[in-house]
Amino acid sequence: MQFSSSKSKFLRTINTSLHHPHSTAVNKRAAEQTCLALLQSCDSIPKLTQLHTHILKLGLHNNPLVLTKFTSTSSDLNSIHYASSLLFASDDANTSLYDAFLFNTVIRAYAQTSSQSKHSAFCYYKFMLQSGVLPNKFTYPFVLKACAGLGSLNLGKQVHGSVLKIGFDTDLHVQNTMVHMYCCCGGGLEFARTLFDEMPKPDSVSWSAMIGGYARLGMSINAVGLFREMQISGVRPDEITMVSVLSACTDLGALELGKWLESYIDKAKVHKSLELCNALINMFAKCGDVDKALNLFRDTSERTIVSWTSVIVGMAMHGRGSEAVTLFEEMRETGTAPDDVAFIGLLSACSHSGLVEEGWYYFNSMTKDFGIIPKIEHYGCMVDLLSRAGLIKEALEFVQKMPIEPNPIIWRALIIACRVHGELKLGESITKQLIRNEPMHESNYVLLSNIYAKMFHWEKKTVIREVMEKKGMRKIPGSTMIELDNEIYEFVAGDKTHNQYKEIYQMVDEMGREMKRAGYLPTTSEVLLDIDEEDKEDALNRHSEKLAIAFALLKTPPGTPIRIVKNLRVCADCHSATKFISKIYNREIVVRDRNRFHHFSNGICSCKDFW
DNA sequence: ATAGGGTTAG
């Protein structure tokens with residue numbers, strides 16, 4: 001309903017009411033009805049203020065029916081503030097009129113806001129208890145949702161205590177939100193799991209809440225594991241469960257699992273909601289089959305900005321920047337307005353493909369043509385774009401001119417570029433400054449150490465190692481994941497937990513010999529430890545990536561492509577080694593690292609040694 | 001009038 005057209009109708013109702021003072025009862029009722037209808041379409045403060053004037057004139061300001069409608073239909077935060085203050089107006093407030101429904105409406109409205117105002121939901125809940133109004137079984141899901149949104153374990157626990165006291169702890173909906181709340185609050189996950197395990201009859205919502213909890217925290221193996229348990233339990237997964245599992249699968253980069261999930265969705269006839277389709281597209285894009293993602297995308301009739309962003313980012317990760325640009329243009333032509341996230345994807349695509357001119361064009365176009373104010377992420381993309389292209393001076397100038405404070409991520413992009421392009425002095429000074437600002441971030445020390453290695457300042461490198469040791473910092477362990485025969489294997493450097501580790505290490509040694517024969521030189525400057533060169537070589541050979549590749553060479557037939565997923569950026573030595581391995585063993589090797597995909601084939605990598 | 005989901009730079 002258009003506000004302007006219904007407004008005249010509303011005014012007519014008011015006029016009728018005013019001109020027939022003796023039949024006000026009937027007309028008041030009509031006015032109330034019109035008012036309720038009007039509230040449906042109310043979404044801004046000026047409209048509300050206008051409406052409020054009429055509400056006052058008609059004496060409807062004390063009508064809870066009108067006001068609860070008011071609250072529950074507005075999505076705008078100010079409208080919620082306004083309506084709830086009317087509902088609980090202090091002047092003529094008669095607290096005996098307050099009931100649970102009234103409170104629930106306001107609590108729900110605040111719980112659904114996207115901002116910190118979720119705290120108001122909790123405040124109104126407190127107010128409800130103080131007013132002596134007993135919460136009902138609908139109150140708790142709202143309050144718990146607000147706690148989940150705030151991520152406050154403290155508030156959550158308070159509410160939990162109250163649930164136990166009042167006794168809604170057996171209600172399935174309350175239990176499910178409780179699990180969800182603990183999953184969303186830092187440090188609450190284990191307790192969520194305890195509650196979940198104690199549930200007498202978890203339904204698909206309970207399983208989804210728990211699986212989603214693991215997925216959000218990056219505990220993807222646990223998420224997938226719990227999904228397997230769910231299948232055993234016999235509860236049918238729905239599309240929301242599948243979105244969560246796919247999200248975990250995407251995080252793992254487990255293409256085989258992803259393919260299996262796709263066929264499972266078809267077999268089990270899970271409803272393919274828009275979000276599920278997007279999750280599938282995203283999964284294929286990020287698990288290394290971007291063409292499949294594109295096919296799914298083309299087959300989907302309803303595309304949202306999310307679907308477009310997924311394929312654009314997918315192309316970016318595979319270094320197919322110009323295709324990302326083409327997709328972006330196609331999106332514009334088909335009338336989907338890009339948002340800030342789409343621009344991050346597009347700019348990173350330009351950055352990973354060296355499209356400097358295009359990057360500049362879109363960075364400027366973002367504000368000029370779409371009115372999107374660049375955020376730190378967009379500036380980060382531009383610094384990365386210029387840095388990767390070796391335009392260090394321009395990058396530095398760009399950083400100095402930025403209207404917002406550069407963050408450590410931006411400085412690190414610049415430092416890496418300095419190292420790669422030989423601007424070692426500049427790199428050193430920026431890194432030192434960064435360490436002063438961020439003394440406990442271990443990767444800063446690793447950067448400085450690598451710069452010193454390139455400058456041949458070994459004694460300074462040793463000092464860094466000592467400083468790190470004194471501060472009790474350790475390098476984040478690199479790990480590599482590989483899927484074989486429906487099983488996910490994870491390797492860390494020097495890993496000996498695998499039951500075939502002896503054969504794997506033999507294979508690693510053999511690989512090393514073959515690579516040397518083919519002309520490979522170990523990049524020992526990547527090793528942070530202060531050990532002799534031979535041990536450094538040994539340390540490099542035990543990198544998780546090499547272990548995983550050795551394992552794959554052992555376990556798969558000749559010629560089979562190898563896919564691995566790293567948790568960090570691939571190190572220079574592994575990058576060089578993998579090129580040799582792809583040629584020597586005639587294997588296509590696809591590596592997903594923290595940022596992007598590397599397709600190694602016949603001694604060449606698709607990233608053109610630029611990552 | 002009640003619960004659970006997706007995209008984002010390095």
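Remember, it's a predicted structure, so these values are computed and weren't measured experimentally. So you know, we letter chains A, B, ... as the sequences are listed, proteins then strands, and number each from 1.
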message = With a 6.0 Å cut-off (strictly less than), is the heavy-atom count around CZ of Arg228(A), excluding the residue itself, greater than 12?
response = no
inquiry  = What verdict does the salt bridge (Lys or Arg N to Asp or Glu O under 4.0 Å) test give for Asp289(A) and Lys259(A), after you've listed the backbone C-alpha separation in whole Å, the side-chain angles of each residue and the deciding distance to 0.1 Å?
reply    = CA-CA 10 Å; Asp289(A) 196 344; Lys259(A) 284 187 197 162; 5.7 Å; no
Aromatic centroids of Phe363(A) and Phe398(A) separated by under 6.0 Å = yes
inquiry  = For a quick check of understanding: with a heavy-atom distance under 4.0 Å over all strands, which category does Asn407(A) fall into, base, sugar-phosphate or nothing?
reply    = base
ask   = Given dA9(B), is OP1 or OP2 found less than 4.0 Å from the side-chain N or O atoms of His352(A)?
value = no
message = Categorize Lys375(A) for me: base, sugar-phosphate, or nothing, with a 4.0 angstrom heavy-atom threshold over every strand shown.
response = nothing
key: Qualifying residues under ring pair (Phe, Tyr, Trp, His ring centres under 6.0 Å), relative to Phe196(A), sequence neighbours excluded   = Trp207(A)
Identify each donor-acceptor pair in which a side-chain atom of residues 335-342 of chain A lies under 3.5 Å from a protein atom, sequence neighbours left out, and give them as a table.
unit_1: Asp339(A); atom_1: OD1; unit_2: Val341(A); atom_2: N; d: 3.2
unit_1: Asp339(A); atom_1: OD1; unit_2: Ala342(A); atom_2: N; d: 2.9
unit_1: Asp340(A); atom_1: OD2; unit_2: Lys375(A); atom_2: NZ; d: 3.0

request  = Enumerate the residues from residues 196-215 of chain A whose closest heavy atom to DNA chain B is under 4.0 Å, giving them by residue number; use none for an empty result.
outcome  = Asp203(A), Ser204(A), Val205(A), Ser208(A)
key: Pair of N/O donor and acceptor under 3.5 Å linking dG6(B) base with Glu275(A) side chain   = no
message = Any base atoms under 4.0 Å from Arg216(A), or only sugar-phosphate, or nothing? Heavy atoms, all strands.
response = sugar-phosphate
message = Can you tell me whether the side chain of Ser273(A) and the base of dG5(B) have a donor-acceptor pair closer than 3.5 Å?
response = yes
